[in-house]
Protein chains: 2
Amino acid sequence: MQERTDTIPGHLAVTLASRGDGRRAHDRRGNAYAAECPTRQLLDRIADKWSVLILLLLGEEDLRFSELKRRIGGISQKMLAQTLRALERDGLVLRAVEPTVPVTVTYSIAPLGRGLMAACRSMLEWAETCMVEVAAAQRAYDLRRETAES
Amino acid sequence: MQERTDTIPGHLAVTLASRGDGRRAHDRRGNAYAAECPTRQLLDRIADKWSVLILLLLGEEDLRFSELKRRIGGISQKMLAQTLRALERDGLVLRAVEPTVPVTVTYSIAPLGRGLMAACRSMLEWAETCMVEVAAAQRAYDLRRETAES
DNA sequence: CAGCATCCATGACGATACTG
DNA sequence: CAGTATCGTCATGGATGCTG
């Protein structure tokens with residue numbers, strides 16, 4: 001920040017420089033670690049279980065509201081509506097209304113949202129792949145805590 | 001699944017087949033869309049803003065508790081402790097205690113957690129890249145709603 | 001019947017105070 | 001410093017009712 005390198009020993013300056021590396025994201029396009037940054041707020045919305053599951057499903061095929069609700073176990077009508085709305089507002093999901101009787105509403109992935117699919121999918125893939133190892137880690141952790149309680 | 005195509009009309013068989021395509025994930029390694037599935041529960045834990053931010057930071061360097069708290073804007077002590085513990089239990093993060101006075105606790109990314117980094121990073125990258133477009137989409141959406149309120 | 005709005009109970013979350 | 005405990009608050013979820 002300041003040009004006080006003259007008063008800083010060489011090895012410390014190096015340390016500070018490598019520190020700066022960690023802040024690269026900050027310099028680039030906003031600091032996602034700052035609560036007020038728009039990038040962080042966007043991340044908060046997409047790094048969410050409901051958003052990820054919805055995007056994952058819509059990435060495979062267009063779906064109606066009730067179909068989404070039926071496929072995503074444990075989601076409430078309220079959270080589904082709320083999340084879909086946020087995704088639509090962010091331009092990640094498209095909402096198409098067919099004027100039938102009764103009305104038919106179909107949700108699909110928007111071009112902007114398609115870019116997110118890769119990240120969501122690799123998260124899912126990772127979960128599927130590592131589930132067994134994670135379960136083992138949990139057992140080991142619980143066992144360690146249990147025996148330590150003596 | 002079954003060889004009963006003989007009793008199923010042609011067009012229905014096709015419908016069922018394309019249905020099966022959507023269930024591919026189900027056949028592979030558990031159904032992440034079912035609330036009770038361990039894979040889904042794991043996904044719920046990692047598709048979380050705090051988890052993603054913590055993993056992202058620890059992926060760059062080892063950090064102490066207070067340092068993490070200071071870097072992640074808006075996180076409470078409680079959520080940080082809680083999330084770190086869940087990540088540690090899942091084997092994604094390592095917790096090293098140095099018996100100094102007062103104690104020094106350093107968190108680092110575990111081998112298992114390193115595999116998740118790519119997904120977290122691409123999520124962050126996407127957010128940084130598309131933030132502007134998303135903001136535009138939001139304005140468009142809000143404007144549309146506003147004018148529709150006439 | 002699809003989809004959204006409203007009410008209420010519950011659990012997650014955040015701020016503060018306190019301990020090893 | 002690194003947490004745990006407590007409590008007040010707010011978001012989440014479930015049930016219900018409304019509209020087209």
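In what follows, chains carry the letters A, B, and so on, assigned in the order in which the sequence lines appear, proteins first and then strands, with residues in each chain numbered from 1. Values below: every heavy atom of this structure, side chains too, minus hydrogens, waters and symmetry copies.
- No donor-acceptor pair under 3.5 Å is formed between the side chain of B:Arg144 and the backbone N or O of B:Arg139.
- A donor-acceptor pair under 3.5 Å links the side-chain atoms of A:Gln41 to the main chain of A:Glu36, judged by distance alone.
- Nearer to the 5' terminus of DNA chain C, by closest-nucleotide assignment, is the contact made by A:Phe65 (compared with the other of A:Phe65 and B:Pro102).
- Taking side-chain N and O atoms only, B:Arg64 has a distance below 4.0 Å to OP1 or OP2 of D:dA2.
- A straight line from CG of A:Leu80 to C1' of D:dT12 spans 14 Å, rounded to a whole angstrom.
- Note: CG (A:Leu68) to C1' (C:dC4) measures 15 Å, nearest angstrom.
- Remark: C1' of D:dA11 and CG of A:Asp44 are 14 Å apart, rounded to the nearest angstrom.
- In this structure, B:Arg70 does not reach the D:dC1 phosphate: none of its side-chain N or O atoms is under 4.0 Å from OP1 or OP2.
- For B:Tyr107, no side-chain nitrogen or oxygen approaches OP1 or OP2 of D:dC1 to under 4.0 Å.
- Partner B:Leu112 forms a side-chain contact (heavy atoms from CB on, under 4.5 Å) with one of B:Leu94, B:Leu92, B:Val93 and no other, that one being B:Leu92.
- C:dC4 atom P lies 8 Å from atom CG of A:Leu84, rounded to whole Å.
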Review item, nucleotides 11-16 of chain C N/O atoms under 3.5 Å of protein N/O:
from   : atom 1 : to      : atom 2 : distance (Å)
C:dC13 : N4     : B:Lys78 : NZ     : 3.4
C:dG14 : OP2    : B:Ser76 : OG     : 3.1
C:dG14 : O6     : B:Lys78 : NZ     : 2.6

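- Looking at A:Ser122, its side chain does come within 3.5 Å of a backbone N or O of A:Ala119 through a donor-acceptor pair.
- Checking the phosphate oxygens (OP1, OP2) of D:dG3, a side-chain nitrogen or oxygen of B:Arg95 falls inside 4.0 Å.
- Ion pair A:Lys49/B:Asp48 not flagged as a salt bridge, since none of the NZ, NE, NH1 or NH2 atoms sits closer than 4.0 Å to an Asp/Glu carboxylate oxygen.
- With rounding to the nearest 0.5 angstrom, the CH2 atom of A:Trp126 is 5.0 Å from the CD1 atom of B:Ile46.
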